[in-house]
Amino acid sequence: MTNQQTLRRKLLDLDNGNYKAYRDIQGSYEFPDFTLIIDYVQGDPFAAPSKLRVQVPYTVTGFPPELYNNPIREMALRDFLTRKFDRLAYEVSGRRGTGKSGMIAITKMGQEVLERTSVYLIKLAPPAPKPAPGTNPALQRAKPIKLSNQKGVEVRLIVGLPAGGRRILGRQAAEMLCDDIPYIVHRSLKYEQLDADACRRHVETVEDTDWLRKQLPEKNLVAFVANGAILPRRSGVDDRPLSSEEVVPFKSPPSLEVEFECPNQGKISGMGIPQGVTLIVGGGYHGKSTLLKAIERGVYNHVPGDGREFVVTDPAAIKIRAEDGRSVAGVDISPFINQLPQGRSTTQFTTENASGSTSQAANIMEALEAGLGNSKSEETETTETETTETETTETATTATPPVLLVDEDTAATNFMIRDRRMQELISKDQEPITPFIDKVRQLYKDYQVSTILVMGGTGDYFEMADKIIAMENFQAQEVTEKAKEIAEKYATGRTAEGGEKFGEIRARIPQPASLDPSRGRRDVRLKVRDVDEVIFGNEDVDLSAVEQLVSKDQLRAIGAAMVYAKKQYMDGDRTLLEIIDAVMADIESKSLDVLVPFPQGDLALFRRFELVAAINRLRTLTVK
């Protein structure tokens, strides 16, 4: 292993050379307090930046063990260090030539605390012997290495090695790698240099939030909104809390208030939203959608000061909306839509251009498939031949009843409601759609699928709801009893449609040939554009309607997971749920690193539902 001075000398010797000569610095370098590992060197100043790692022993970092003594605390500490390192890197790095020259960064962070690959707490490898002349360092590092008992912090960063045109700027590179990176490491990865109170608050807040979310099932809740929470955001492109004297902190209605005893903060109270069907009503601009948006993001932990730190939601909550124009492959939407013109099948519905109603039906059925697999209602199950214990084990998959989150503003009107007057004008035999209003209670009764629905335009849902919350001047009031009285006084007269049972949720088997990330190329082609698009082979996968994606790093990981799923598990026999179960199990046991060929710091954990959503939106997808 070479040292800091050797690296500096190499870079100075490369000054003004051809940019590709930077590849000579690939390898490991021992600095006084840490090890610098250069895994990948970009071949062009305009190409993706070089990928590096920094490994610092615990004896140098000095973090108290209580900051990482369980998995959630460890993740929170890693998140805190990522933010600190990236902030300092941004301050230190600057433009030093052509293209991405001078960049030092990890990844762009949002308000959510995600499981990321940017920082790990690891066992360090002992110093490696100096490679023999002519040995490829990259191949040598690929061999199994024996880990020492010494633990440390590993930071994965990207660096834009500086260039003038396509010539190496060796002096600037030496400053970046040999001066700037040691400064950033010293200021961001040593406990004595950090704000200890801020670090501890970050860790404890995330631990409390995660603990709260795990308590929801015990109280039969699907969501919790803490008193004092600040729900409005600054703007559509700024997810930080709105800072204004006019902001109204959230306060629970007394009838829905619940209390928890958190591990660190102690007692916390707020509004509990129970399992079942919950309606959020109110006038325009009174906070209905803002509340639902906070609940939607409650599947993630948040940083202290976000305002939504203690807004937590069932981790299987999924935002459902209409999505005109999306492709659909072989989805059974018959619980909602039947008897389409021209005899088109709705038990294996396929289209390249779904309407608002068919897309919303497909989105619900795909979410149910991802959570419940090939399921039938209780009544149907009792009539089926019982399977043996062995057969059950072989086909076992993870069953997680989703929680559906629906806002009328982004829903298809004809999918949500068909009132009495329209039923009279257009008879059922001429209307293929069974509206959501006639299925929402069946979902809960048959499959324990809860729904939280924002509805300001019709009171027909009053009869369907277990709880009704009215938002008035950004404050919540429970109005269930009043709404039920109104429903009884003004009967809608509409006839329920679609039968007494929700219907079957069918599993699908994706065909391997329909997922091709290379599309005739020699290598896999993956690229991410913001948080709404993955380029997979020759196809642009539009995820703009998958509203719970919050980071580009999640999309990078989803793209890698699609490639991994195709390579490891898509055999033409496994169902989509079985494939997703296997991929998520591998990630849980082996980390996100299992998805990529070498360590990368720009991946973040996604949920199974977002991975399924990406696969379902491939226009090349075929299933059986």
Side-chain angles (χ1 to χ4, degrees), residues 72 112-115 209-225 272-278 292-302 308 311-321 331 335 360 362-375 377 396-407 436 439-454 466 502 505 507 543 545-550 554 557-558 561 575-585 587-588 604-616:
I72 190 63
E112 292 78 15
V113 177
L114 306 175
E115 171 65 37
T209 305
D210 189 73
W211 180 89
L212 276 171
R213 190 176 295 105
K214 291 175 180 176
Q215 307 312 304
L216 293 177
E218 293 186 8
K219 291 185 179 288
N220 297 318
L221 301 176
V222 294
F224 170 79
V225 185
I273 297 180
Q275 297 170 358
V277 180
T278 299
L292 187 69
K293 190 73 174 179
I295 293 170
E296 170 189 324
R297 295 294 179 90
V299 298
Y300 300 115
N301 301 321
H302 289 78
R308 303 167 297 183
V311 178
V312 296
T313 308
D314 187 304
I318 311 169
K319 180 69 176 294
I320 298 293
R321 57 169 297 162
V331 178
Q360 191 164 348
N363 288 343
I364 292 175
M365 298 308 298
E366 289 167 353
L368 297 176
E369 179 190 10
L372 298 173
N374 189 17
S375 301
S377 65
T397 54
T398 301
T400 306
V403 177
L404 305 184
L405 310 177
V406 184
D407 190 331
F436 190 62
K439 291 295 182 178
V440 66
R441 287 225 60 83
Q442 294 174 1
L443 272 170
Y444 184 59
K445 179 183 176 183
D446 295 352
Y447 295 108
Q448 294 76 57
V449 173
S450 298
T451 299
I452 302 176
L453 172 64
V454 168
D466 297 297
F502 178 79
I505 301 166
L543 297 176
V546 184
E547 297 184 24
Q548 286 164 290
L549 285 169
V550 296
Q554 288 178 304
I558 284 172
T575 66
L576 183 57
L577 180 60
E578 290 170 336
I579 293 166
I580 299 305
D581 278 342
V583 172
M584 300 307 292
I587 292 172
E588 184 175 357
L605 188 62
F606 48 85
R607 301 184 307 161
R608 62 192 300 107
F609 300 106
E610 280 73 45
L611 175 56
V612 167
I615 293 173
N616 280 325

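- Taking CD of E369 as the reference point, atom CG of L577 lies at 7.5 Å (rounded to 0.5 Å).
- Between the side chain of S450 and the main chain of V403, no donor-acceptor pair closer than 3.5 Å is present.
- Every residue meeting the salt bridge (charged side-chain N to carboxylate O under 4.0 Å, His left out) condition with E547, not counting sequence neighbours, appears here in chain and number order: K293, K319, R321.
- Counting only heavy atoms from C-beta outward, the side chains of V583 and L611 approach each other to under 4.5 Å.
- At a threshold of 4.5 Å between non-hydrogen side-chain atoms, the residues I320 and T451 do not count as touching.
- Residues L292 and L453 have side chains not in contact (no heavy-atom distance under 4.5 Å, counting atoms from C-beta outward).
- Considering only residues two or more places apart in sequence or on other chains, D466 meets the side-chain hydrogen bond (donor to acceptor under 3.5 Å, both in side chains) condition with R441.
- Side-chain contact check for T575 versus E578: some heavy-atom pair is nearer than 4.5 Å.
- Note that the CG atom of L368 and the CD1 atom of I505 stand 4.5 Å from one another [nearest 0.5 Å].
- Between the side chain of E366 and the backbone N or O of V331 there is no donor-acceptor pair closer than 3.5 Å.
- Although no hydrogens or angles enter the test, the distance criterion places a donor-acceptor pair under 3.5 Å between the side chain of Y300 and the main chain of Q548.
- Residues passing the salt bridge (charged side-chain N to carboxylate O under 4.0 Å, His left out) test with E610 are R607, sequence neighbours excluded.
- Between V222 and L216 there is no side-chain heavy-atom pair separated by less than 4.5 Å.
- Heavy-atom minimum distance, V546 versus A613: CG2-CB, 3.9 Å.
- Separating the CD1 atom in I318 from the CD1 atom in I364 is a distance of 10.0 Å, to the nearest 0.5 Å.
- Evaluation of the salt bridge (charged side-chain N to carboxylate O under 4.0 Å, His left out) rule for K219 yields no partner, not counting sequence neighbours.
- With values rounded to the nearest 0.5 angstrom, Q448 atom CD is found 9.0 Å from Q275 atom CD.
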Walk me through whether I558 and L549 qualify under side chain to side chain contact (heavy atoms under 4.5 Å, CB included).
CA-CA 10 Å; I558 284 172; L549 285 169; 3.8 Å; yes
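- For P335, the side-chain contact (heavy atoms from CB on, under 4.5 Å) partners at least two apart in sequence or on another chain are D332, M365, F502.
- E588 is linked by a side-chain contact (heavy atoms from CB on, under 4.5 Å) to nothing, counting only residues two or more places apart in sequence or in another chain.
- Remark: F606 pairs with no residue by the ring-ring contact (aromatic ring centres under 6.0 Å, His included) rule, at least two apart or across chains.
- Taking both residues in full, the closest heavy atoms of A294 and V311 are given as O-CG1, 3.6 Å, listed atom of the first, atom of the second, then distance.
- Minimum heavy-atom separation, P402 to G371: CG-CA, 4.5 Å.
- With hydrogens and angles ignored, the 3.5 Å screen pairs no side-chain donor or acceptor of R308 with any backbone N or O of G298.
- Under the salt bridge (charged side-chain N to carboxylate O under 4.0 Å, His left out) criterion, K439 pairs with no residue, sequence neighbours left out.
- Closest approach of A367 and F609 over heavy atoms only: O-CE2, 3.8 Å.
- Counting only heavy atoms from C-beta outward, the side chains of I273 and L221 never approach each other to under 4.5 Å.
- Partners of A604 according to the side-chain contact (heavy atoms from CB on, under 4.5 Å) rule, which considers only residues two or more places apart in sequence or in another chain, are L114, R116, D553, Q554.
- Side chains of L443 and F436 form a contact here, defined as non-hydrogen atoms less than 4.5 Å apart.
- Here Q360 pairs with nothing under the side-chain hydrogen bond (donor to acceptor under 3.5 Å, both in side chains) rule; sequence neighbours left out.
- By the 4.5 Å heavy-atom criterion applied to side chains, V406 and V454 are not counted as neighbours.
- How far CG of L212 is from CZ of F224: 6.0 Å, rounded to the nearest 0.5 Å.
- Applying the side-chain hydrogen bond (donor to acceptor under 3.5 Å, both in side chains) test to D314 and every residue at least two apart in sequence or in another chain returns nothing.
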